[in-house]
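To keep things clear, I will list the structure first and then write my remarks on it.
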Amino acid sequence: MEPVNYSKVLETAGIRPSVQRVAVYSYLYEHPTHPDIETIYNALSPLYATLSKTTVYNTLKLFEEKNIVQSVKIEDDKLRFDADTSQHIHFKCLKCGKVIDIEENKKTPLELPSGFTINKAQTYVWGVCPSCS
């Protein structure tokens with residue numbers, strides 16, 4: 001797999017690639033565990049002394065506005081983030097708590113009645129993962 005140029009991804013989305021923004025995006029891309037703001041902050045703050053939770057929050061909000069990440073609300077009390085913006089299912093294991101991507105194998109897109117336009121679609125599934133079965 002070819003390495004990702006994170007700065008280029010941000011530039012292409014119209015985002016100035018500051019050191020902190022690149023760090024947040026690269027963390028999300030390299031950790032497809034759907035981390036929340038707290039997890040991202042705790043992982044990166046020892047490496048970037050000026051990083052704050054507010055910066056992480058604002059950065060993720062900007063990334064979502066520019067469609068390079070998506071928020072995942074699979075729990076009542078926690079907003080998680082995913083750098084994979086393709087259409088896929090989010091599965092949460094009720095035993096271990098992991099959130100896992102499951103690729104959809106659809107040949108046709110979701111069809112709605114005439115006049116409706118889809119901007120974003122997310123599917124959430126809860127159950128027990130193979131590791132916990």
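Source: prediction; values computed, not measured. For the single chain, residues carry numbers from 1 onward in sequence order.
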Under the 3.5 angstrom rule, does the side chain of E64 hit a backbone N or O of S71 as a donor-acceptor pair? yes
Looking at residues at least two apart in the chain, or sitting in another chain, which of them share a salt bridge (Lys or Arg N to Asp or Glu O under 4.0 Å) with D82? none
K73 atom NZ: more than 12 heavy-atom contacts under 6.0 Å: yes
Any ion pair linking R80 and D36 (charged N to carboxylate O, less than 4.0 Å)? no
For residues 37-85, the ring pair (Phe, Tyr, Trp, His ring centres under 6.0 Å) pairs (sequence neighbours left out) are Y25-F63
Which of these passes side chain to side chain donor-acceptor pair (under 3.5 Å) with Q20: T50, N58, T59? T50
Decide yes or no for [X] and [Y]: does some side-chain heavy atom of the first lie under 4.5 Å from some side-chain heavy atom of the second?
X    : Y   : answer
V9   : Y29 : no
V24  : L44 : yes
D101 : H34 : yes

Treat each ILVMFWY residue as a node, draw an edge where side-chain heavy atoms are under 4.5 Å apart, and state whether [X] and [Y] are in one component.
X    : Y    : answer
V56  : I15  : yes
W126 : I89  : no
Y6   : L62  : yes
I102 : V128 : no
L28  : I68  : yes

Applying side chain to side chain donor-acceptor pair (under 3.5 Å), run through N42 and T39 and close with a yes or a no. CA-CA 5 Å; N42 288 339; T39 301; 6.0 Å; no
Compare every heavy atom of [Y] with every heavy atom of [X], then report the nearest pair and how far apart it is.
X    : Y    : answer
C129 : I100 : CB-CD1, 4.0 Å
A43  : P46  : O-CD, 3.7 Å
L51  : S45  : CD2-N, 4.0 Å

Before giving the answer on side-chain contact (heavy atoms from CB on, under 4.5 Å), spell out for I37 and L60 the whole-Å C-alpha distance, their side-chain angles and the decisive distance to 0.1 Å. CA-CA 8 Å; I37 292 170; L60 292 168; 3.8 Å; yes
Interatomic spacing from NE2 in H31 to OG in S26 - rounded to 0.5 Å: 9.0 Å
Can you tell me how far the CG atom of D84 sits from the OG atom of S86, to the nearest 0.5 Å? 3.5 Å
Could you list the donor-acceptor pairs under 3.5 angstrom formed by side chains in residues 91-98, with sequence neighbours left out?
from, atom 1, to, atom 2, distance (Å)
K92, NZ, E75, OE2, 2.6

Specify whether H90 and H88 have parallel, tilted or perpendicular ring planes, treating 30° as the upper limit for parallel and 60° as the lower limit for perpendicular. perpendicular
Yes or no on side-chain contact (heavy atoms from CB on, under 4.5 Å) for N67 and T85, after CA distance, side-chain angles and deciding distance? CA-CA 7 Å; N67 298 313; T85 58; 5.8 Å; no
